[in-house]
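Structure first, then comments.
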Amino acid sequence: MKIKRMTINKVLTAAVLAALFSAAWGTLPVSAEEAAGGAASLQTPAETALSETSGSASVQPGSPAEQPSAEETDTIDHSAESKPIQNIFLKEGEGRPGTEIPYYNERDLTRREWNEVAKIEKEIRILQRERDKFLKDRAREKEDKEKEFAKAFQGRQKYSIVFDPEDYTKKTMDANGEKVSFRAYEHLVYAEKPYEAEHQMLSVYIPEGYFNGETINGFTAETAPIFMPNGVGGYMPGTIVEPQEDSRHGGANSALYALSNGYVVVSPAIRGRSLNSNGYDTGKAPALIVDYKAAVRFVRHNRNKGRIPAGDTEKIIASGTSAGGALAALLGATGNAKEYEPYLKEQGAAKERDDIFAAMAYCPITNLENADMAYEWMFHDASRYYNVRQAPAKKGPGEVQETASEKLIKSRPHNAPAEGVEGIAISPEEKEISAEMRENFSEYLNSLNLRDSLGNKLTLTPDGNGLFREYIESLYLESAQDAIDSGESLKKIPWLTISHGQAVHMDFSKYIKAVKRLKGIPAFDAFDMSSGENNEFGSFDVPNRHFTRYAMEHSKFVTIPTLEEEKELNKEKAAAYRIATPLEKRHLQKYNLIEQMEKDKLEWSQYMADWQTVRMMNPMRFIGLEGISTAPNWRIRHGALDRDTALAIPAMLALKLKNSGKSVDFKVPWGYGHDGDYDLPDLFAWTDRIAKLKDKTDAILKEEALKKAALKEGASEEQTSREESSKAEKTVPIDETSDTSNKAEASAL
């Protein structure tokens, strides 16, 4: 008690001295901000934490403790105190005058109130301990699951990733009337510790002529490009693309066509979303891109060691269609990105670079976290959709049952969503969702700051109009014009206006009615988690998950507030906290903690993929980043009749690449839908051009380097000669008695 009394006396003495000092210098009264700072020091740790999240209490002057005494009122003018504090920056009807916000001082609490505060604070501490224990237990449970997963695969077979140049078979095939002989090195595992060896192997095909010193299509064994097609579709497992004489579009497939043009072909099998081993899913994101990178590293590692007999690893070209096109784009955009390194290391990939020279993407189903918005921006006016995907038979995350209609469109690509002949009507509720997502797309598109070739910023208004829409329309019109120029008649196309042989206008609504909307609302992140993309973003123990916040807010399996609702709720909490009494503040803290504990029980990871995984599957996230080796050459195609994804998706990819200084060949081929490899002569004309241009550039640079080296060597020899002459001049004796000629000679030396 004596120590406490002494402390109080010291505080009072200090306060008196401070008051005298302030009076001497004419100090103004304590401000509201200073008063607030003093009050903040009285907060408990829990109260401080709530203040940081919900807004700190605003302490105002004029509390009972600060009212002047009766004697002071006789000598001090208080006329201004009766007027409310006005903020000239507030608009009419906004905010509250400072004098209307009550001030509460904890020093005025009664004993009963102090007891109540102590009781609630004790309850808060107990709840916090319970929450901490719950979170620790769940973290331990997650860790145990990961250990069980690792244990299930710890004994997986180890493979050699050393290429054997003697292990091959010779084959000869007919490539569009031309005999092509090649050596096939087949089914080579490209990672030391694969999860699914059958789906993590590749085959290498090399033209026989290179073993005889021949030149094919201008390429030699040293300069031949390496063509790496993937067979992925629908994010399902991709098989090795073997050379074939007959393809979907007739004639040799892309692998055989590449061999006939002198390319080395390397095609990997790649894990996909449906793979399951030892009771665990092993092909979920980001498995596909990790495998593709591991295959690139295998090739570069063995070719640089001289084991693979032919191919230029600085001219690797990836190619794919649909999800395979997205995968080719992802490989091209993420060269040497560190995010994938732990996954590559864990499965024993070669320690090499994984950047490539070029990417060829047909109708890429990519940028998935924004693809739903883009789809609604384009297909909002449709009244029906034709996807036959049905909702899960059982209402639970991941329990998907995809059934086929009796009346299906038969020309759909392998693993593409099934299309029915009879459409399904879009409900008024779905229409509202579509309108909201369309508006959200405008916000996303504008954030990209994309520009056309003239430097115009391509933007959209909230209703979906703007320069970006005009740009998309110009792509369709350019496609139509190419068809007209090739002799095709387009007079009966309902959505086109043609004048004097020129395609001058398109009607978006009529276009949508003509080509029909394929997918429902939303197109990719389904509210019932029934899409292939939901399945792709599952984990080793959770089959399907959402990958967008919007779908989570509308999910059929969990209820969460929207971002706007959360902002409004936090605003209301902050306002309530500011005017609460000290006792009420403790109650608010307790309520918020209980609410958070209820949220903790939901375990978001079973409903929502983690942000890093979603990011690793989107090439848009890596283009232009420092430290990333994005491919310098791109060829992107999206058919004029394609509606598996919106044209906006590949268009944004192409624009961002162009804006980042990459060479991009982007077109919308007339008459094609969701398909690829339909223009192999054009494809390989493009790859020939960029590959041979690189060879010429490399030759010029090499010649210049040799010239510089020669000049440097010549300059070095000249310098050496001068130094030797100077040395000789200092060491040769000069006889002053000799004749003039001898003196001149000595002088010259």
Side-chain angles (χ1 to χ4, degrees), residues 1-12 14-15 30 32-66 100-144 558-561 565-605:
M1 182 64 69
K2 182 177 180 181
I3 295 175
K4 183 177 180 181
R5 192 176 294 114
M6 287 176 62
T7 303
I8 293 174
N9 289 337
K10 287 182 180 181
V11 171
L12 290 174
V30 177
E33 288 78 12
E34 293 170 325
S41 64
L42 298 174
Q43 293 180 342
T44 63
E47 184 176 344
T48 303
L50 182 61
S51 299
E52 292 174 352
T53 57
S54 303
S56 58
S58 186
V59 182
Q60 301 293 337
S63 66
E66 292 180 339
E100 292 184 15
I101 299 178
Y103 171 78
Y104 299 102
N105 193 325
E106 294 201 5
R107 286 169 292 186
D108 297 333
L109 294 178
T110 64
R111 183 181 297 276
R112 183 186 63 79
E113 290 172 327
W114 269 119
N115 290 337
E116 185 68 17
V117 165
K119 177 184 175 183
I120 296 174
E121 288 184 342
K122 181 179 179 180
E123 292 173 352
I124 289 173
R125 289 193 296 271
I126 293 173
L127 288 171
Q128 188 61 56
R129 285 196 294 269
E130 290 178 0
R131 186 189 180 210
D132 291 343
K133 182 179 183 301
F134 175 82
L135 294 176
K136 287 180 180 178
D137 289 345
R138 186 160 66 190
R140 191 179 299 111
E141 181 181 352
K142 182 180 179 182
E143 185 179 346
D144 290 342
V558 64
T559 302
I560 66 170
E565 289 172 342
E566 280 193 350
K567 289 179 182 178
E568 189 62 30
L569 183 60
N570 289 335
K571 186 178 179 181
E572 292 175 1
K573 288 180 180 179
Y577 192 85
R578 282 196 298 271
I579 63 174
T581 66
L583 186 57
E584 290 170 342
K585 287 181 180 179
R586 268 64 171 195
H587 281 293
L588 286 172
Q589 292 172 36
K590 179 180 175 181
Y591 168 79
N592 276 280
L593 186 55
I594 292 173
E595 184 181 51
Q596 186 58 53
M597 291 173 72
E598 289 301 312
K599 289 181 180 179
D600 291 340
K601 294 177 182 178
L602 290 176
E603 177 56 277
W604 300 115
S605 64

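The first residue of the sequence shown is numbered 1, and numbering continues consecutively from there.
For the atom pair CD (E584) and CZ (R586), the distance works out to 11.5 Å, reported to the nearest 0.5 Å. Note: K590 NZ to I120 CD1 = 6.5 Å, rounded to the nearest 0.5 Å. For the atom pair CD of E572 and NZ of K567, the computed distance is 15.0 Å after rounding to the nearest 0.5 Å. With rounding to the nearest 0.5 angstrom, the CG atom of N592 is 13.0 Å from the CE atom of M597.
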Quiz item: Given the rule in the salt bridge (Lys or Arg N to Asp or Glu O under 4.0 Å) test, do E568 and K571 qualify, once you have shown the distances and angles that lead to the verdict?
Solution: CA-CA 5 Å; E568 189 62 30; K571 186 178 179 181; 5.1 Å; no
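Inter-residue side-chain proximity for L109 and L583 is flagged as unmet; no heavy-atom pair is nearer than 4.5 Å.
E603 meets the salt bridge (charged side-chain N to carboxylate O under 4.0 Å, His left out) test with R138; sequence neighbours excluded. Scored by the side chain to side chain donor-acceptor pair (under 3.5 Å) test, E116 finds no partners at all (sequence neighbours excluded). Shown here are the salt bridge (charged side-chain N to carboxylate O under 4.0 Å, His left out) partners of R111, two or more places apart in sequence or in another chain: there are none. Among residues two or more places apart in sequence or in another chain, the side chain to side chain donor-acceptor pair (under 3.5 Å) test is passed with K133 by D137. Applying the salt bridge (charged side-chain N to carboxylate O under 4.0 Å, His left out) rule to K122 yields no partners; only residues at least two apart in sequence or on another chain are considered. Residues forming a side chain to side chain donor-acceptor pair (under 3.5 Å) with N115 (at least two apart in sequence, or on another chain): none. Partners of Q596 according to the side chain to side chain contact (heavy atoms under 4.5 Å, CB included) rule, which considers only residues two or more places apart in sequence or in another chain, are R131, K599, D600. Judged as a salt bridge (charged side-chain N to carboxylate O under 4.0 Å, His left out), and not counting sequence neighbours, E113 has no contacts. Every side chain to side chain donor-acceptor pair (under 3.5 Å) that D132 has, sequence neighbours left out, goes to Q128. Partners of R129 according to the side chain to side chain contact (heavy atoms under 4.5 Å, CB included) rule, which considers only residues two or more places apart in sequence or in another chain, are R125, I126.
Using a 4.0 Å cut-off between charged side-chain N and carboxylate O, E143 and R140 make no salt bridge.
Looking at every heavy atom in both residues, L593 comes nearest to I124 through CD2-O, 3.6 Å. Contact detail for E566 and P561: the closest heavy-atom pair is CG-CG, 3.5 Å.
The number of heavy atoms from other shown groups lying within 6.0 Å of CZ (F134) is above 12.
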